[in-house]
Each structure stands twice: as structure tokens, then as C-alpha cells.
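What's counted below: heavy atoms across the whole structure, side chains too, no hydrogens, waters or symmetry copies. Source: prediction; values computed, not measured.
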Amino acid sequence: MIATIGIVGAGLMGHGIALAFARAGLAVRVHDPAPQALAGLNDRVAASMAAMGDGRAGIDDALGRIATCPGLADAVDGADLAVEAVPEKLDLKRSVFRDIEAAAPEWCILASNTSVLPITDIAAGLKSRERILGTHWWNPPHIVPLVEVIRTEWTSEAAVDATMAVLERIGKRPVRVERDVPGFIGNRLQHALWREAVSLVENGVCDAETVDTVVKQSFGRRLAVLGPLENADLVGTDLTLDIHRAVLPDLESRPGPSPYLESLVRGGRLGMAAGAGFRDWTPETARAVRERLEAHLQRLETILEQPAGSRSATPTA
């Protein structure tokens, strides 16, 4: 049974993954090559737990299970599961996994938190590829329940089963991705939506704010309880087929990125941190969105935990 977790990367995702395991009672060791990231880990974990409503005793208990390690080998030595949470750069991830493989015990499962890179590409060159898999956590990882568990053609069934089991044990909702494709399941769906959203703005159908309003005030409201294929079954596959025949030929289908998106990046409109992206942002409006998102996710989890009969029925059009 997995009891000790080694994590490489103490940033946005790494700290949340460490929090999730430690909060559930597992021993966690974390390494980051950036001393400032490692030094601030406990403060970030404490702040995230406080925002979740945890009291001082719970925070101290979780922090007591997290050890910061100056060396990668210290973090993965004796670990049952090693989780890589470094930036999305293929060469960097390959290098990190070579180091993890050399330092971790032979029984240790090696997991990458990449959100889009195929695990097969990351595993290239490893000697024990049967123990590497993907565990794609969603941001913020300590709040969003889903974790995609991605296998490659080499991944052993035992490694997948053990990873699924420990994720369920800490309260996550793991799903199996049986075929290793770029973006896995969630990001392929998400970016298909984003591609059409960008296209609508690029082609003058509406502005960015309108796109966001339409999603948030219509089908976005039911996605947490009604998935796209459930919705298709609800309205009927015959109607879904009729709609597809009418609309699919007109949807954005270019294989590469939007020229409009590329122009935003060239112009320095890099998103909230830069003050502008598809929309303009001030520090106050950007902070308000982040706070609203975190509060919404926490309230949503509470609502979805209630028995179905205790919630008000809402019709779905």
C-alpha cells in the first residue's frame, strides 16, 4: 500500500498535491531546485488550507507530515509514489525522471503531473517504463476532485491499480485514461471549446466578454452535474445528429493555433498577469476572479456531496 509520497516541484501544482496527500494522513517529502519555492512551501500550504476552512490544528497536522528536501534523491528515497510537478517542458521532465528513476526504490511508481504531454514521450529512455504513468491533477489540485491516470503501452496494471487506490483513499475521483494521447481527456475537451471560443471573437461574431457570459450563463451552469454525452442522451441522439449535421461543417477546424491568439501573444497580451489577454485586467479584477473561482469550487463540492433528493430540481433545456 502506498504510504510515502515524494514530490518534485513545490510550485502552484506541487504544493496543492502535497497538501492533498498530507491532509489525508500520508507522509510527504518535497523537493524543488529553486530554494525560494521550497522555503515558501509551508506558507502556501497553510494559506490554502485556511482558505478551505481548516483550523490551526488541522493545518499543523498536515504541515507535520510534509518534509522539505534540499535534494531530489532525499525526496524520493524510500517513496512508494514519486510525483513530478515541474514546468511543461519535455526535456526538463525527461531529465527529472532519469534522476527520480536512479534515486527511487525499485517498487516506487513514477507519476508525471503533465497536463498535455504524452507520458510515452516523457518515459523515453527510462529503464523501468512499466512503473511510469501520468497523474494529471487539475488546478487547484487540493480542491478539484478529478485526477486523470494515464497509462502507456508499458505501464503495468499493478501500477495503475495502486495509483487509483491511493487517489481514492485521499478523496479524489481518479479516472483511467487507457490510451496515451496528447491532452488526455479533459484538456482535449477544454481546448476544443477554447478553439471555437477564440474563433468566434476572431471572426467578429462577438467579443470575448460575450463568449464568457454565454458559457457561464447557459450550459456551463449544468456541466457539473450533466456531462456532454449525458446531455446528448437527455435531448436524444437523433436531435444531436440533426444539430451536428447543421453546425459541425461551420465550426473552427484549423489544425494549428489561431492567428488571433498568436497576435495577442506577440503583442504582449499574455493574460491576467500581464494586465491584458483576450480581455483587459487590473490587479483587483484578476484577484476577484481567482477568489470567486476558489469560493465557487468549495461551495460546489459541498452542494454535490448532498443527497440528490435534498437539492432543488432544476429543469435542463
Sub-3.5 Å donor-acceptor pair from the side chain of [X] to the main-chain atoms of [Y], do we have one?
X: D32; Y: L38; answer: no
X: K93; Y: I119; answer: no
X: R29; Y: D77; answer: yes
X: R23; Y: I170; answer: no
X: R195; Y: S258; answer: no
X: E101; Y: S128; answer: yes
X: E294; Y: A51; answer: no
X: T163; Y: A159; answer: yes
X: E252; Y: E196; answer: no

Note, [X] side chain near [Y] side chain (heavy atom, < 4.5 Å):
X: D233; Y: E230; value: no
X: Q217; Y: R221; value: yes
X: R279; Y: D212; value: yes

From [atom1] ([X]) to [atom2] ([Y]), nearest 0.5 Å:
X: E88; Y: S112; atom1: CD; atom2: OG; result: 7.0 Å
X: L92; Y: F97; atom1: CG; atom2: CZ; result: 10.5 Å
X: E106; Y: R131; atom1: CD; atom2: CZ; result: 8.0 Å
X: S48; Y: I59; atom1: OG; atom2: CD1; result: 9.5 Å
X: L26; Y: M1; atom1: CG; atom2: CE; result: 8.0 Å
X: H244; Y: D242; atom1: NE2; atom2: CG; result: 10.5 Å

Run D60 and R56 through salt bridge (charged side-chain N to carboxylate O under 4.0 Å, His left out) and show every step you take.
CA-CA 6 Å; D60 289 342; R56 190 68 249 176; 2.8 Å; yes

Keeping to residues at least two apart or across chains, list the ring-ring contact (aromatic ring centres under 6.0 Å, His included) pairs with something in residues 34-77.
none

Any pair counted as ring-ring contact (aromatic ring centres under 6.0 Å, His included), so long as it reaches residues 1-24, sequence neighbours left out:
H15-H142, F21-W137

Connected via hydrophobic side-chain network under 4.5 Å: I100 and V86:
yes

Looking at T155, T152, T120, which one forms a side chain to side chain donor-acceptor pair (under 3.5 Å) with D180?
T120

